[in-house]
Amino acid sequence: MSAQQTVLLRRGEVHSPADPFATAMVVERGQVAWVGSEGAADAFADGVDEVVDLDGALVTPAFTDAHVHTTTTGLALTGLDLSDAPSLDAALALVRDFATARPDDRVLLGHGWDAARWPGGRPPTRAELDEAAGGRPLYLSRSDVHSAVVTTALLDMTSLGRPDGPLTADAHHAVRATALGSIAPAQRVAAQRRALAHAASLGIGTVHECAGPEISSEDDFTGLLRLAREEPGPRVVGYWADQDIDRARELGAVGAAGDLFVDGALGSHTACLHEPYADAGHTGTAYLDATAVAAHVAACTEAGLQAGFHAIGDAAVTAVVEGVRAAAEKVGLARVRAARHRVEHAELLTPEAIAAFAELGLTASVQPAFDALWGGEDGMYARRLGRERASRLNPFAALLRAGVPLAFGSDSPVTPLDPWGTVRAAAFHHTPEHRVSVRAAFTAHTRGGWRAVGRDDAGVLVPGAPADYAVWRTDELVVQAPDDRVARWSTDPRSGTPGLPDLTPGRDLPVCLRTVVGGRTVFVRPGE
């Protein structure tokens with residue numbers, strides 16, 4: 001489908017607030033031109049270039065994943081993935097097989113190990129990795145990408161010496177830069193294409209690339225933006241996490257934001273806390289303080305750019321709040337609010353911090369799959385923080401009640417691209433009081449991502465909006481309340497609430513049949 005074609009979709013279910021019972025939609029010049037009933041669609045049938053018979057399929061706005069690392073997502077999809085390794089021995093066996101299968105790679109790259117899930121609970125030693133990799137350079141990022149284990153040969157390519165154990169903070173940033181810098185341009189582009197194609201196959205129409213000098217490289221970032229402009233696929237909104245805001249603008253970023261680290265991650269014991277970890281005698285790692293945050297927010301606000309920070313622990317969130325408030329006192333609260341600055345992850349929040357987010361107009365860019373993967377009474381969060389403190393993590397319902405804008409994402413490859421799984425994770429949070437309705441979660445994963453970049457007119461299927469949509473094969477539609485009560489689709493027109501798929505755990509998730517971005521088809525499921 002060309003973006004210039006006029007297309008009529010009919011005989012389906014169109015998720016639109018303009019008409020909660022819409023069964024048809026017209027797309028013209030890359031925008032939604034009309035939504036309405038099947039009977040009214042007849043008036044358009046002779047004046048369009050194409051008629052698509054939906055055969056009962058559901059049409060929704062395409063998802064926006066508000067936090068992605070595109071190249072490393074593609075490398076994980078095509079390379080060494082240790083996320084399912086059940087033990088250390090199994091992980092080492094996968095390394096051996098991968099090293100044998102990739103004899104020409106200058107540096108072997110892998111991702112996804114988590115020693116906390118393995119019997120014995122320890123990561124591989126450098127000697128074990130040296131043996132498994134056959135003496136070759138190897139970089140293996142932990143599942144949260146805030147620490148890594150490497151071989152001696154990779155360390156010898158840096159100035160770090162030969163430290164043992166998982167590398168964190170600056171040492172990790174150094175080996176990561178060396179490892180990713182070894183990727184040939186053709187391999188990098190192939191990884192980016194693979195990641196974007198995978199996103200499109202899941203009904204994702206836009207990704208927010210969270211890049212930066214400690215995460216990827218300028219060539220990686222600008223190459224991805226160029227690829228997205230030149231080839232059909234999901235839109236890419238680029239963030240460059242750098243305190244040099246002029247450089248961020250020169251690179252084409254919409255913000256000097258994303259993973260501008262205030263702290264690290266809970267799994268790697270580097271998230272910055274007010275009280276020590278339950279399983280370690282320290283409070284994590286602080287990278288930026290409130291003074292640095294204030295300077296950055298003020299400079300970005302003056303320059304008309306978004307600022308944003310990676311903050312997970314409560315001490316890190318406190319530093320962000322104090323810094324943004326200080327910036328507001330300098331440049332004006334209204335200007336700070338209008339800039340829609342962001343906080344990525346924002347996991348351990350006090351009621352005071354949530355109120356401050358609302359006051360300062362901060363967007364919470366959050367990842368519900370984190371709770372699905374690490375939450376619960378026996379999960380990684382509980383081991384790191386203790387059950388009581390862990391139960392406070394990711395309070396989505398409290399954020400919404402306070403009026404804090406939410407944008408959902410995956411932080412892929414930390415957790416996989418999986419938009420309906422993300423919506424399910426938010427609706428069925430391990431902690432019941434943090435749950436939100438499927439409708440609210442869906443909005444955060446569609447319209448919320450657009451609002452996070454300053455667009456209030458998109459992420460929804462109404463006339464005039466960008467024609468970014470996905471077509472789904474799914475079961476009957478329902479309306480789900482935050483307390484998990486599921487009501488079958490009401491035909492009472494007074495309800496005015498479009499239905500969504502039943503995401504109750506155990507049920508199959510919807511299957512994407514087609515993804516369209518700006519009126520251009522970027523994915524069609526084979527056989528459809």
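For the numbers below, each heavy atom of this structure counts, side chains included, while hydrogens, waters and symmetry mates do not.
- Leu333 contributes atom CG, which lies 6.0 Å from atom CD of Glu359 (distance to the nearest 0.5 angstrom).
- Going from atom CD of Glu214 over to atom CZ of Arg176 covers 10.5 Å, rounded to the nearest 0.5 Å.
- Heavy-atom minimum distance, Cys210 versus Ala66: SG-O, 4.2 Å.
- With Phe44 as the aromatic partner, Arg10 does not meet the cation-pi criteria of under 6.0 angstrom to the ring centre and within 45 degrees of the ring axis.
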Margin query: Using the rule given for side-chain contact (heavy atoms from CB on, under 4.5 Å), can you reason through Leu417 versus Ser410, listing the C-alpha separation, both sets of side-chain angles and the distance that settles it, and then say yes or no?
Written below: CA-CA 6 Å; Leu417 299 170; Ser410 63; 3.6 Å; yes

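- When all heavy atoms are compared, the tightest approach of Val35 to Ser16 is CG2-OG, 3.6 Å.
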Report task. Evaluate side-chain contact (heavy atoms from CB on, under 4.5 Å) for Phe370 paired with Val414, printing each intermediate quantity in order. Result -> CA-CA 9 Å; Phe370 287 6; Val414 175; 3.8 Å; yes

Before you tell me yes or no, could you show the steps for Val478 and Val438 under side-chain contact (heavy atoms from CB on, under 4.5 Å), namely the whole-Å CA-CA distance, both residues' side-chain angles and the distance that decides it to 0.1 Å? CA-CA 10 Å; Val478 299; Val438 168; over 6 Å; no

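- Here Ile312 contributes atom CD1 and His146 contributes atom NE2; the two are 5.5 Å apart, rounded to the nearest 0.5 Å.
- Side-chain contact annotation: Thr431 with Ser391, donor-acceptor N/O pair under 3.5 Å absent.
- Considering all non-hydrogen atoms of both residues, Ala271 and Gly313 come closest at CB-N, 4.0 Å.
- Between the CH2 atom in Trp374 and the CZ atom in Arg117 there is a gap of 10.5 Å [rounded to 0.5 Å].
- The nearest pair of heavy atoms linking Ala265 to Asp144 is CB-OD2, 3.3 Å.
- Using modelled atom types, no side-chain atom of Asp259 and backbone atom of Phe261 make a donor-acceptor pair closer than 3.5 Å.
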message = Could you walk me through whether Phe408 and Val366 satisfy the side-chain contact (heavy atoms from CB on, under 4.5 Å) test, starting with their C-alpha distance in whole Å, then the side-chain angles of each, then the deciding distance to 0.1 Å, before giving a yes or no?
response = CA-CA 5 Å; Phe408 281 178; Val366 294; 3.5 Å; yes

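- Contact of the Leu393 side chain with the His434 side chain is not registered, since no non-hydrogen atoms from C-beta on lie closer than 4.5 Å.
- Taking the six-membered ring wherever Trp is involved, the centroid distance between the rings of Phe442 and Phe63 falls below 6.0 Å.
- No more than 12 heavy atoms of other residues, nucleotides or ligands shown are found within 6.0 angstrom of CG on Asp508.
- Nearest heavy atoms, Val423 versus Leu503: CG1-CD1, 3.5 Å.
- Rounding to the nearest 0.5 Å gives a distance of 13.5 Å between CG of Leu260 and OH of Tyr239.
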Salt bridge (charged side-chain N to carboxylate O under 4.0 Å, His left out) between Asp219 and Arg188, intermediate numbers included = CA-CA 10 Å; Asp219 287 345; Arg188 182 175 65 228; 5.2 Å; no

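- Once rounded to the nearest 0.5 Å, the distance linking OG1 of Thr446 with NE2 of His15 reads 7.0 Å.
- Panel note: side chain Trp113, backbone Leu140; a donor-acceptor pair is recorded below 3.5 Å.
- Applying the side chain to side chain donor-acceptor pair (under 3.5 Å) test between Ser412 and each of Asp65, Thr70, Thr73, Thr72 identifies Thr73 as the sole match.
- Of the possible polar contacts, none joining the Thr363 side chain to the Ser365 backbone as a donor-acceptor pair under 3.5 Å is found.
- Counting heavy atoms of neighbouring residues, nucleotides and ligands inside a 6.0 Å radius, atom CD of Glu377 does not exceed 12 of them.
- Looking at Gln306, its side chain does come within 3.5 Å of a backbone N or O of Ala452 through a donor-acceptor pair.
- When ring centroids are compared, His111 and His69 stay outside the 6.0 Å threshold.
- Across every non-hydrogen atom of Ala33 and Pro463, the tightest pair is O-CB, 3.8 Å.
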Working note: Arg387 + Asp378, criterion salt bridge (charged side-chain N to carboxylate O under 4.0 Å, His left out); need CA distance, chi angles, decisive distance, verdict. CA-CA 8 Å; Arg387 289 182 178 180; Asp378 299 314; 3.0 Å; yes

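- Put simply, the side chain of Arg384 gets close to the backbone of Gly267: a donor and an acceptor are under 3.5 Å apart.
- Taking the six-membered ring where tryptophan is involved, the planes of His429 and Phe396 are perpendicular, since the angle between them exceeds 60° and thus also 30°.
- Note: His67 and His345 have tilted aromatic rings, judged against thresholds of 30 and 60 degrees for the angle between ring planes.
- In this structure, Arg447 contributes its side chain and Asp456 its backbone to a donor-acceptor pair below 3.5 Å.
- Centroid-to-centroid, the aromatic rings of Tyr381 and His430 stay 6.0 Å apart or farther.
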